[in-house]
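Structure first, commentary second.
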Amino acid sequence: MRPRVLLFEPIHTDALAWLRKRAEVTMAADLSKETVFSLVAGADGLVIRAHGRVDDRLLGAAPRLRVVGRHGVGLDNIDVAACTRRGVWVVHTPLAGVEAVAEHAVALMLAVARGIVRSDRAVRAGEFDTARMALAGRELAGRTLGVIGFGRIGRRTAEICRAAFGMTVLFADALPRAEEAARLPARRVELADLLGQSEIVTVHLPLTAETRHLLDRQALAAMKRGAILINTSRGAVIDEAALVEILRAGHLSAGLDVFEEEPLPPEHPLTGLPNVVLTPHAASHSEEGLRAMAAVVEDVMRVLSGEAPRYPANMPQAPLDAVRGESPPR
């Protein structure tokens, strides 16, 4: 009997076709609790993207579940500890979105600095000459870049900015990252110093209890006046209400791909501000990135076939039972 895999959201068509040759695949019609709980009861594997949540209650309704595949990197919508206790593997794609997200972060820097979106709207509105004379952007060359979170994506963003624009790179990270910093080069500083010295600040952090609202009202106010804030990580790393106030005051401008509430409500204050560029949590959505993230189905099938996954995010308490297809303790 082929294993059953539930998808919370669509994935790349090539990966979906690959998976359907090896498993019975069900696509959730929506992510309401009623729909998800009814479908997960018969699932051996689950693939989740940015929306929906895997928590202990959901796991309790899924007696057959052996593996949760995260299409992407962030694990904030998966209770990894609960999965581990219940003998459920969590697998993800830590390398998949590095280039796509880094390039998107740089694209947001350029869009904000050069007023690309405002210029586009003006031309479409027949205000060509007015916009040409009134909208003067800023160059990125030689600026100081502050990278909050110097992991794979943060480092790649810094590499691009260093190579393309000759930026000076500062970073704040819980780890020393001495070897990586020397190679770039970059200099590790305290967060307060980074905020006070950087002309562009780009955020690349997972969402945890420690990072939630790390950039609060005080931190945002400490940034240099006229600085650009970029966030392609998780919305709740920034206190969004405080950011709206800072943007309204003209202290900063911003490029945001992620938000505390998603989808971002159409009436949200951010949507009416001229000094912010907004994209729909799509930084990783290049053709290459989507293919690479969808390859999480390969690790899902490895677990369901009794093999060790390549990119596990946990080590279940009963890993052998989990991969042999025996029922883990509940």
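In this chain, numbering begins with 1 at the start of the sequence shown.
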Please list all pairs meeting ring pair (Phe, Tyr, Trp, His ring centres under 6.0 Å) that have one or both residues in residues 144-187, counting only residues at least two apart or in different chains. F150-F171

Measure from the side-chain N and O atoms of [X] to the backbone N and O of [Y], and report whether any donor-acceptor pair falls under 3.5 Å.
{"X": "T211", "Y": "L214", "answer": "no"}
{"X": "E262", "Y": "F259", "answer": "yes"}
{"X": "H251", "Y": "M223", "answer": "yes"}
{"X": "E260", "Y": "D239", "answer": "no"}
{"X": "D299", "Y": "V91", "answer": "no"}
{"X": "T279", "Y": "A282", "answer": "no"}
{"X": "S253", "Y": "N275", "answer": "no"}

Is a salt bridge present between [X] and [Y], judged by a nitrogen-to-oxygen distance below 4.0 Å?
{"X": "R64", "Y": "D44", "result": "yes"}
{"X": "R53", "Y": "D79", "result": "no"}
{"X": "E24", "Y": "R2", "result": "yes"}
{"X": "E159", "Y": "R162", "result": "no"}

Can you pull the side chain to side chain donor-acceptor pair (under 3.5 Å) pairs that have at least one residue in residues 112-128, sequence neighbours excluded? D120-R124

The complete set of side chain to side chain donor-acceptor pair (under 3.5 Å) pairs with one or both residues in residues 130-155, sequence neighbours excluded, reads R143-E199

E9 CD: over 12 foreign heavy atoms closer than 6.0 Å: yes

What residues, two or more places apart in sequence or in another chain, satisfy salt bridge (charged side-chain N to carboxylate O under 4.0 Å, His left out) together with E267? none

Do [X] and [Y] have side chains that get closer than 4.5 Å, going by heavy atoms?
{"X": "L270", "Y": "L247", "result": "yes"}
{"X": "V68", "Y": "V88", "result": "yes"}
{"X": "T84", "Y": "V80", "result": "yes"}
{"X": "V47", "Y": "F8", "result": "no"}
{"X": "T208", "Y": "D76", "result": "no"}
{"X": "V201", "Y": "I228", "result": "no"}
{"X": "L7", "Y": "L19", "result": "yes"}

Please write out which residues are connected to M293 in a hydrophobic cluster, directly or through intermediates, given that two of Ile, Leu, Val, Met, Phe, Trp, Tyr count as joined at side-chain heavy-atom separations below 4.5 angstrom. L290

Which atom pair, heavy atoms only, marks the closest approach of G151 to R177? CA-NH2, 3.9 Å

So is R20 actually on top of W18's ring, under 6.0 Å and inside 45° of the axis? no

Identify whether NZ of Lys or CZ of Arg in R57 sits under 6.0 Å from the centre of the six-membered ring of F37 and within 45° of that ring's axis. yes

Given I148, which of T202, D173, N231, L195 fulfils the side chain to side chain contact (heavy atoms under 4.5 Å, CB included) condition? L195

With distance as the sole criterion, is a donor-acceptor pair present between the side chains of E240 and H268 under 3.5 Å? yes

Hits for side-chain contact (heavy atoms from CB on, under 4.5 Å) against P312, two or more places apart or cross-chain, chain-then-number order -> W89, P309

